[in-house]
Amino acid sequence: MSRKIKQIAIYGKGGIGKSTTTSNLSAALSDMGYRVMQFGCDPKADSTNTLRDGTYIPTVLDLLREKGSVDAHEAVFQGYNNIYCVEAGGPAPGVGCAGRGITTAVSLLKQQNIFDELELDYVIYDVLGDVVCGGFAVPIREGIAEHVFTVSSSDFMAIYAANNLFKGIQKYSNSGGALLGGVIANSVTQSIQKKIIDDFAERTGTKVIEYIPRSLTVTQSELAGKTTIEAQPDSEQANIYRSLAKQIADHAESLTPSPMDLAQLKIWAAEWSDQIMAAESGLIKDKSTGI
Ligand code: ADP
Ligand code: MG
């Protein structure tokens, strides 16, 4: 590729807030003057909805099925602030591997040099990360993305998914795979939630780059079919998304994480369980937990 395009993948458990966070990130980066493409890699194909007034776009795989061959321009749609929106799509329900669809969709656009033609500064892949199976690891494994960020709350299942993602990154880190940029903490409002996610990041050799609170502003914006950056640009929540965008724009070096194995993760979880229990029962007033 002739230009230096920053390629970022955002992973996380289903429903954790990847698309919401990614769309606000894209919107904020485009407001900063960058040329951005958001590439939805979730078979749900709703990644870019709030960049386009809540509407769905035809997916690369749908177009391929319909027409047999696709001109990349037919799969790229413009949204808020001229952000380029693409949805990889998925196989027909119950048929084939959703992950493989990502490879097909990304290859199609790359072969036609669309990233260079559009003079992009950022391509942001929004990838479902419950399971980092062969297919979903494609953006990591094949050097499609350079930096990976994970969206996680302090809920154990979200952390479990993040830890599995770290295993995937670690596995391909010696063969040119993408490395970990950090954790984007979403729906983190209470101080205990912040401490849990901070502790997980520290244990796995990474850091939290932004804390995004759960907010009704996001709900309102989504119901209006928009990002918070577009619907409520003067809100505190929009400022937080702008701060995230700045962190990502300034981010230069990603690292190989040190995921916990299952036994370590179980012990780690049990320790936090005990701490919360002790704090709730009033037995311990621990300064370090602050609860
Ligand atoms: P994912 O892409 O990870 O599956 P979404 O981005 O679609 O998840 O988010 C799932 C739901 O959670 C959406 O209805 C979204 O509006 C909501 N949501 C995500 N982040 C926040 C937040 N910080 N505050 C309030 N609602 C949020
Ligand atoms: Mg999504």
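For ligands, and for the atoms within them, numbers begin at 1 and follow the listed sequence.
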Between Glu210 (side chain only) and Tyr241 (backbone N and O only), is there a donor and an acceptor less than 3.5 Å apart?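 Checked: no pair found.
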Do the side chain of Arg35 and the main chain of Tyr122 share a donor and acceptor less than 3.5 angstrom apart? no
Contact with ligand 1 for Gly15, non-hydrogen, under 4.0 angstrom: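 Contact present.
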Check if Pro213 has a non-hydrogen atom at a distance under 4.0 Å from any atom of ligand 1.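 Pro213 counts as a contact of ligand 1 under the 4.0 Å cut-off.
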Taking 4.0 angstrom as the limit, do Glu271 and Lys266 come out as a salt bridge?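 Judged by the 4.0 Å cut-off on N to carboxylate O distance, Glu271 and Lys266 do not form a salt bridge.
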Is any N or O atom of [X], backbone or side chain, closer than 3.5 Å to an N or O atom of ligand 1?
X      : answer
Ser19  : yes
Asp126 : no
Lys18  : yes
Gly14  : no
Ser215 : yes
Gly17  : yes
Asp46  : no

Are Tyr56 and Phe77 near enough that their ring centres are under 6.0 Å apart?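 No, ring centres 6.0 Å or more apart.
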Closer than 4.0 Å to some heavy atom of Lys44 - which atoms of ligand 1 meet that? 4 (O)
Near Lys13, which atoms of ligand 1 are under 4.0 Å from a heavy atom of that residue?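 Close to Lys13: 3 (O).
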Starting from atom 5 (P) of ligand 1, what is the nearest protein heavy atom, named by residue and atom, and what distance separates them?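 Ranked first by proximity to atom 5 (P) of ligand 1 is Thr20 OG1, 3.5 Å.
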Among protein heavy atoms, which lies nearest atom 20 (N) of ligand 1, and at what distance?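 For atom 20 (N) of ligand 1, the nearest protein heavy atom comes out as Asn186 ND2, 3.0 Å.
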In terms of its nearest heavy atom to atom 18 (N) of ligand 1, the top option of Gln220, Arg214, Glu222 is Arg214
Please indicate, with yes or no, if any protein heavy atom is found under 4.0 Å from atom 13 (C) of ligand 1?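 Flag for atom 13 (C) of ligand 1 set to true, protein heavy atom closer than 4.0 Å.
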Counting backbone and side-chain atoms alike, does Ser19 have an N/O/S atom under 2.8 Å from the Mg ion (ligand 2)?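 Of the N, O and S atoms in Ser19, at least one lies under 2.8 Å from the Mg ion (ligand 2), which means yes.
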Lys6/Asp121 under salt bridge (Lys or Arg N to Asp or Glu O under 4.0 Å): CA gap, chis, key distance, verdict: CA-CA 6 Å; Lys6 218 168 172 183; Asp121 297 305; over 6 Å; no
So, [X] and [Y]: side-chain donor and acceptor under 3.5 Å apart, yes or no?
X      : Y      : result
Tyr125 : Gln7   : yes
Ser153 : Asn186 : no
Thr48  : Gln38  : no

Could you go step by step and tell me if Lys194 and Ile196 meet the side chain to side chain contact (heavy atoms under 4.5 Å, CB included) rule? CA-CA 6 Å; Lys194 186 169 177 291; Ile196 292 172; over 6 Å; no
Between Thr55 and Asn49, the two heavy atoms sitting closest are O-OD1, 3.3 Å
